[in-house]
Amino acid sequence: MTRLDALRPLLPAEEEVLSRLLSGSLDRLGDGTPPTSDDAARAIRAPFLRFLILGGDEGHRPHEKGVRLSGAWIQGILDLEACRVPRDIGLKDCRFDAVPVFTSAVIDRAFLDGSSLPGLQAERLDVRGGLYLRGVRVDGEIRLTDAGLGGNLVCDGAVIKSLGSFALNAEGIEVRNVLARGTDVRGGINLRGARLVADFDGTGAKVFQPDDVAIAAEAIDVGGSVLLRSATVDGEVRLLGASIAGDLNCTSMGIANPSDDALQLSRAEIGGILPAAGRQDRRSA
């Protein structure tokens with residue numbers, strides 16, 4: 001296990017974080033907003049952050065609430081692959097230089113709200129609570145295939161860009177709710193084979209994957225409802241073989257996929273109601 005001495009000399013922001021380590025409060029660097037430039041005063045190295053997240057060492061233990069940090073410029077790859085993290089991870093309004101790796105990690109909860117990332121690699125992630133990505137800006141793919149969440153996947157207000165691929169790839173995920181209200185996705189959403197205890201809520205979302213599958217949800221199993229009210233989708237919505245215990249609500253949704261079917265519902269089972277969908281170029285059911 002890495003010790004603090006192996007990470008010395010520390011950067012100024014790292015010294016500041018250590019001085020407030022036991023408070024359990026959100027440690028703001030600068031004004032707490034995501035750095036838009038290379039601000040050395042807010043630089044935190046990923047290995048130092050990993051050291052703290054995994055429990056530190058004698059005399060440098062994080063608070064029971066976990067590591068909470070905002071406004072940091074995180075340098076290098078935050079690699080937590082296959083790690084067990086017994087506390088919350090709170091990295092809000094941070095800027096990541098490299099794609100964080102949470103693959104096969106076991107964590108309590110993670111909060112990356114408002115942060116800027118070049119992607120997130122988290123296949124087979126095991127989360128006791130929820131994963132919070134509210135308002136994130138992601139220039140790359142979020143990979144959550146076969147992840148298991150005891151709580152919610154929350155992407156409300158996020159902007160995720162990975163055109164030509166699935167920008168949000170959560171195939172096979174097991175989760176309570178998937179919340180993507182007002183999310184702007186440049187690339188597709190993949191929820192094939194996902195199992196949701198409650199709802200998939202994409203109310204007001206914008207999904208842009210023209211001439212391709214924009215929302216892939218074949219064989220999805222939803223214990224609640226699928227809500228796409230007032231969403232705008234450029235591409236195909238595929239719900240073939242879906243099982244939805246509640247409603248499929250597409251009220252005021254706009255779908256554009258002139259070259260092929262806009263909404264595929266073949267073999268789908270819907271236990272609730274199917275309110276009339278909004279504007280569509282083509283629809284197959």
Side-chain angles (χ1 to χ4, degrees), residues 1-4 6-7 10-11 13-30 32-35 42-117 120-122 124-136 138 142 144 147-156 158 175-177 179:
M1 179 179 292
T2 302
R3 297 187 62 83
L4 184 62
L7 298 169
L10 301 181
L11 300 179
E14 294 170 350
E15 293 278 14
E16 183 179 351
V17 169
L18 274 186
S19 70
R20 292 186 279 172
L21 191 60
L22 296 179
S23 69
S25 61
L26 187 67
D27 290 324
R28 294 186 176 183
L29 298 176
T33 61
R42 296 202 263 172
I44 299 285
R45 294 168 298 166
F48 171 82
L49 196 53
R50 183 180 187 273
F51 161 79
L52 293 182
I53 289 172
L54 295 182
D57 61 13
E58 192 63 34
H60 308 99
R61 304 287 187 198
H63 192 273
E64 290 85 353
K65 293 179 181 179
V67 174
R68 298 185 174 192
L69 188 63
S70 70
W73 169 28
I74 300 173
Q75 301 177 326
I77 299 172
L78 178 58
D79 188 354
L80 297 174
E81 182 170 359
C83 292
R84 290 182 176 269
V85 183
R87 303 174 180 86
D88 288 353
I89 300 172
L91 300 173
K92 297 183 178 182
D93 297 312
C94 293
R95 173 187 159 202
F96 290 78
D97 268 358
V99 176
V101 178
F102 290 5
T103 303
S104 298
V106 179
I107 66 177
D108 196 3
R109 296 181 300 174
F111 300 84
L112 303 180
D113 304 317
S115 290
S116 174
L117 310 91
L120 176 62
Q121 186 176 334
R124 301 178 302 281
L125 175 67
D126 186 352
V127 188
R128 187 183 69 86
L131 176 60
Y132 298 88
L133 304 172
R134 292 165 293 206
V136 296
V138 184
I142 295 177
L144 287 162
L149 279 66
N152 300 326
L153 171 60
V154 186
C155 304
D156 294 340
V175 63
R176 182 166 183 79
N177 291 285
L179 305 177

Undergrad: Taking atom CZ of R20 and atom NE2 of H63, what is their separation to the nearest 0.5 Å?
TA: 14.5 Å

Undergrad: Can you name the residues that form a salt bridge (Lys or Arg N to Asp or Glu O under 4.0 Å) with R124, not counting sequence neighbours?
TA: none

Undergrad: Is any side-chain heavy atom of V154 closer than 4.5 Å to one of N177?
TA: no

Undergrad: Shortest non-hydrogen contact from L29 to A13?
TA: CD1-CB, 4.0 Å

Undergrad: Grab the two heavy atoms, one from G56 and one from P62, that are nearest each other, plus how far apart they are.
TA: N-CD, 4.2 Å

Undergrad: Do L4 and L10 have side chains that get closer than 4.5 Å, going by heavy atoms?
TA: yes

Undergrad: Between H60 and L18, what is the shortest heavy-atom contact and its length?
TA: CD2-CD2, 4.2 Å

Undergrad: Counting only heavy atoms not in E58, do more than 12 fall under 6.0 Å of its CD?
TA: no

Undergrad: Does D57 use its side chain to pair, donor to acceptor, with the backbone of R3 at less than 3.5 Å?
TA: no

Undergrad: Return the set of residues passing salt bridge (Lys or Arg N to Asp or Glu O under 4.0 Å) with R87 (not counting sequence neighbours), or none when no residue passes.
TA: none

Undergrad: Can a donor-acceptor pair be found, under 3.5 Å and without considering hydrogens, that links the side chain of S115 to the backbone of L91?
TA: yes

Undergrad: Under the side-chain hydrogen bond (donor to acceptor under 3.5 Å, both in side chains) test, which residues partner D126, sequence neighbours left out?
TA: none

Undergrad: Anything under 3.5 Å between a donor and an acceptor, one on a side chain of residues 72-86, the other on a protein residue two or more places apart or in another chain? List them.
TA:
from: W73; atom 1: NE1; to: D97; atom 2: OD1; distance (Å): 2.9
from: W73; atom 1: NE1; to: D97; atom 2: OD2; distance (Å): 3.2
from: D79; atom 1: OD1; to: E81; atom 2: N; distance (Å): 3.0

Undergrad: For D88, check side-chain contact (heavy atoms from CB on, under 4.5 Å) against everything at least two apart and list the hits.
TA: D108, R109, F111

Undergrad: Quick one: list whatever passes ring-ring contact (aromatic ring centres under 6.0 Å, His included) with F51, sequence neighbours left out.
TA: none

Undergrad: What's the spacing between I44 CD1 and C94 SG if we round to 0.5 Å?
TA: 8.5 Å

Undergrad: Restricting to side-chain contact (heavy atoms from CB on, under 4.5 Å), what partner residues turn up for A122, sequence neighbours left out?
TA: F102, L120, L125, L144

Undergrad: L153 versus L131: any side-chain heavy-atom pair under 4.5 Å?
TA: yes

Undergrad: Using the salt bridge (Lys or Arg N to Asp or Glu O under 4.0 Å) rule, collect all pairs that involve residues 45-56, keeping only residues at least two apart or in two chains.
TA: E14-R45

Undergrad: Would you call L133 and V138 a side-chain contact if the rule is heavy atoms closer than 4.5 Å?
TA: no

Undergrad: Evaluate the side chain to side chain contact (heavy atoms under 4.5 Å, CB included) criterion for residues L69 and L49: first the C-alpha distance (whole Å), next the side-chain angles of each, then the deciding distance (0.1 Å), finally the verdict.
TA: CA-CA 10 Å; L69 188 63; L49 196 53; 4.2 Å; yes

Undergrad: Could you pull out the closest heavy-atom pair between R28 and E16, with the gap in Å?
TA: O-OE2, 3.9 Å

Undergrad: Under the side-chain hydrogen bond (donor to acceptor under 3.5 Å, both in side chains) rule, collect the residues that match up with R176, sequence neighbours excluded.
TA: none

